[in-house]
Amino acid sequence: MSLSLYNTATRSVDTFKAITPGKVGIYLCGATVQAEPHIGHIRSGVNFDILRRWLIHSGYKVTFIRNVTDIDDKILHKAVHEKAPWWAVAMKYERAFTDAYRALNVMPPTYEPRATGHITQMISLMERLVERGYAYAPGNGDLYLEVRKLASYLTLSGQKLDDLLPAGDADDSVKRDPRDFALWKSSKPGEPSWPTPWGDGRPGWHLECSAMAHAYLGEEFDIHGGGLDLIFPHHENEIAQSQAAGYGFARVWMHNAWVTASGEKMSKSLGNSLVVREILKRVRGIELRWYLGSAHYRSMLEFSFEALEESATSFRRIEGFLHRAKEHGEVHVLISDEFKSAMDDDLAVPTALALLSGWLRSGNSAITDGNFTAVVEEASKIRGALNVLGCDPFDSAFDADKSSDSSSQKEVLDGLIAGLLQEREEARARKDFAAADRIRDRISTLGITIEDTASGPRWSIS
RNA sequence: GGUGGAGUGGCCGAGAGGCGAGGCUCGGGACUGCAAAUCCCGCUACACGGGUUCAAAUCCCGUCUCCACCUCCA
C-alpha cells in the first residue's frame with residue numbers, strides 16, 4: 001500500500017511516485033503579506049503541513065518551500081493607506097502570518113523565500129523567455145508572455161483560451177493578444193522598482209513563484225500546492241512561464257478548498273472576526289488546528305463558532321484520555337496500519353478520525369478494566385495520529401508558553417489543591433458530604449475540575 | 001457566455017452500487033453519597049422527479065437551489 005494523491009492536473013487520485021526516491025520537493029504558494037491572516041489562509045498552511053508530516057512519517061526527506069509575496073499592488077495600496085513604507089507593511093503582516101503559523105504548530109518551511117529577494121532569478125528567467133521567443137517587451141517597460149505561442153496552455157483549469165475574458169492588468173493596446181499576461185510591470189513614479197534590460201519596474205504576480213521554485217527545487221519537482229482559487233490564473237501562468245522556459249515544473253498539483261462562512265467564500269466584508277488572532281481568543285491554537293485539519297482538504301469547510309466549539313470539545317475529550325493514559329505508562333507515537341491506509345488514500349483525515357474514536361472508546365474502557373497494556377496501546381495509536389495531524393498534546397510546540405516559571409507555580413498549586421482534596425476525602429470518609437461539596441465548589445469556582453477516579457481524585461484546569 | 005464544485009439526520013462531517021462512518025448535541029441507563037469523567041443503549045439521513053439494477057446516497061436522464069473561478073485571491 002502506498003500513497004495516492006489527487007492531482008488537479010489529471011483530475012484523478014494517482015499513486016505518488018517521487019522523482020528522486022526517498023525525497024520530495026514541495027512548493028506551496030504562501031501569503032501575499034498585505035493583511036492579517038484569516039482562518040482560510042491558515043487552513044491552507046495546516047492542510048499542507050499535514051501532507052508534509054505524513055510524507056515525513058512515510059520516510060521521505062521533504063524540502064518544503066513556502067514563499068512570501070512581499071511586493072504587489074495591494075501592499076503598495078495599503079502602504080499609502082497606512083502611511084508607512086511598503087516594506088514596513090509587508091514586514092508587519094509577514095510577522096502576523098509567522099505568528100499564526102506558529103500558534104497552529106505549522107512547521108517552518110525548509111526555506112521561505114521572499115519575492116523581493118529573488119529579482120535576479122526573475123530577470124534571468126525573463127531573459128530566457130525572451131531568448132526562446134515567448135516573451136516580448138512592447139517598449140513601455142512592461143514584459144509580457146505571449147500565450148498563443150505556448151504548445152499547451154490552460155491544461156490545469158480545463159478552459160479554452162478564446163472563452164476567457166481579456167486580462168485587465170495593463171493597457172491592452174500594447175499587448176499582442178489581450179490574454180497575454182505581465183511578467184514584469186513598469187513602475188509608476190514613487191513606486192518601488194528594480195532595474196531590468198526592459199526598464200525599471202517590479203515583478204508581475206506569477207513570475208516570482210516560477211523563479212523561486214526553480215531556484216530551490218530545480219527544473220522539475222514533485223508537488224505544487226495552493227488554494228483552489230489559484231488554479232487560474234496563477235498556477236496556469238506559472239506553468240506557462242516555466243514550461244516556456246523549457247522546465248518540466250511540478251508533477252502533482254494539489255489544491256485545498258476554502259473555509260466558507262454562510263456558504264460563501266471568506267472575504268474582507270466579513271470583517272475581523274475570522275482573523276486567526278481573534279479566533280485564538282476563543283480556542284487554543286491546537287484546537288483551531290484540530291478544527292481546520294479535521295475536514296478533508298478538498299472539501300469546503302463551513303465555519304461557525306458552534307462547530308468550532310464542538311470540535312474543541314471533542315478534542316479535549318481525546319486530550320483528556322491521553323493525559324489519563326500517561327499515568328499508566330509511556331505513550332509513544334504509533335502509526336497503526338489502519339491509520340496508514342486512511343492517510344495513504346489522499347489524506348483521508350475524516351476516515352482516520354473515525355478510527356480514532358474507536359481507539360478512544362476502547363482505551364477509556366481499558367482504564368476502567370485496569371488493562372493498562374491496552375490503555376497504552378490505544379493511547380499510542382491515538383498519539384501517533386495526532387502527531388501526524390500536528391495536534392499531539394505532548395508535542396513541545398504546544399507547551400512553549402509553559403516557562404519554568406509557570407511550572408514551578410504549578411507545583412505550588414498542586415500542593416495547595418492536594419491539601420484541599422485531602423480535606424475533602426476526609427469529609428467524605430466521615431460522610432460529611434455538605435463539607436465535601438463545599439470544598440469542591442470552592443475549587444471549581446476557581447476553574448478547576450475534580451474527577452474522582454478509582455485511584456483517588458485528580459484535578460485539572462478547565 | 002466558458003470552466004469547476006456542492007446539496008447527507010438537530011448541528012458538523014465521511015462515503016461513492018449491497019455489511020447503518022464518526023463526532024457534537026439530545027433522550028434513557030450503568031458507575032457515583034451527589035457530581036464530574038467514563039462506558040452502554042437509543043435518535044436509520046442522503047435536494048426533487050423519473051430510470052437502470054436482485055440491490056441506488058452512490059450509476060443514468062431531467063429539474064431545482066447554492067457556491068466558486070474567468071488576470072487581487074488560501
Handout entry: Length of the line joining A:Ile239:CD1 and B:U71:P, which is rounded to integer Å
Key = 18 Å
Exercise for the section: For A:Glu146, enumerate each residue passing the side chain to side chain donor-acceptor pair (under 3.5 Å) test, keeping only those at least two apart in sequence or located in another chain. Expected result: A:Arg176
Fill in the blank from the handout: Contacts of A:Glu191 meeting side-chain contact (heavy atoms from CB on, under 4.5 Å) (sequence neighbours excluded), chain-then-number -> A:Leu76, A:Ser187, A:Lys188, A:Arg202
Handout entry: Base paired to B:U44 (Watson-Crick or G-U; both N/O distances under 3.5 angstrom)
Key = none
Handout entry: Set of side chain to side chain donor-acceptor pair (under 3.5 Å) partners for A:Ser336, sequence neighbours left out
Key = none
Fill in the blank from the handout: So the salt bridge (charged side-chain N to carboxylate O under 4.0 Å, His left out) pairs with at least one residue in residues 221-242 of chain A (sequence neighbours excluded) are A:Asp229-A:Lys265
Handout entry: Spacing between A:Glu319 atom CD and B:G23 atom P, to the nearest angstrom
Key = 18 Å
Handout entry: Complementary nucleotide of B:U3, counting Watson-Crick and G-U pairs under 3.5 Å
Key = B:A68
Handout entry: Any donor-acceptor pair under 3.5 Å from A:Asp392 side chain to A:Phe394 backbone
Key = yes
Fill in the blank from the handout: A:Tyr153 atom OH is separated from B:C70 atom C1', nearest whole Å, by 10 Å
Exercise for the section: Kindly state each residue pair satisfying salt bridge (charged side-chain N to carboxylate O under 4.0 Å, His left out) with at least one member in residues 87-111 of chain A, sequence neighbours excluded. Expected result: A:Glu82-A:Lys92, A:Glu94-A:Arg114, A:Asp99-A:Arg102
Exercise for the section: Quick one: list whatever passes salt bridge (Lys or Arg N to Asp or Glu O under 4.0 Å) with A:Glu338, sequence neighbours left out. Expected result: none
Handout entry: Spacing between A:Asn7 atom CG and B:G4 atom C1', to the nearest angstrom
Key = 16 Å
Exercise for the section: Spell out, as yes or no, whether a donor-acceptor pair under 3.5 Å connects the side chain of A:Asn364 to the backbone of A:Arg361. Expected result: no
Handout entry: Separation of B:U3 C1' from A:His255 NE2 (nearest whole Å)
Key = 14 Å
Problem - Complementary nucleotide of B:C59, counting Watson-Crick and G-U pairs under 3.5 Å - result: B:G51
Handout entry: Distance, rounded to the nearest Å, where A:Phe97 contributes CZ and B:A74 contributes P
Key = 7 Å
Practice task
Return the set of residues passing ring-ring contact (aromatic ring centres under 6.0 Å, His included) with A:Phe97 (not counting sequence neighbours), or none when no residue passes.
Solution key: A:His41
Exercise for the section: Calculate the interatomic distance between A:Phe232 atom CZ and B:U3 atom C1'; express it in whole Å. Expected result: 10 Å
Pairs under 3.5 Å (N/O, protein and nucleotides 11-14 of chain B):
{"from": "B:G13", "atom 1": "OP1", "to": "A:Glu302", "atom 2": "N", "distance (Å)": "3.0"}
{"from": "B:A14", "atom 1": "OP1", "to": "A:His296", "atom 2": "N", "distance (Å)": "2.9"}
{"from": "B:A14", "atom 1": "OP1", "to": "A:Ser299", "atom 2": "OG", "distance (Å)": "3.2"}

Practice task
Mark up nucleotides 28-39 of chain B, 5' to 3', with B wherever a protein heavy atom is under 4.0 angstrom from a base atom, S wherever such an atom reaches only the sugar-phosphate, and - elsewhere.
Solution key: -----BBBBSSS
Practice task
Send over the distance from A:Gln159 CD to B:G5 P, rounded to a whole Å.
Solution key: 12 Å
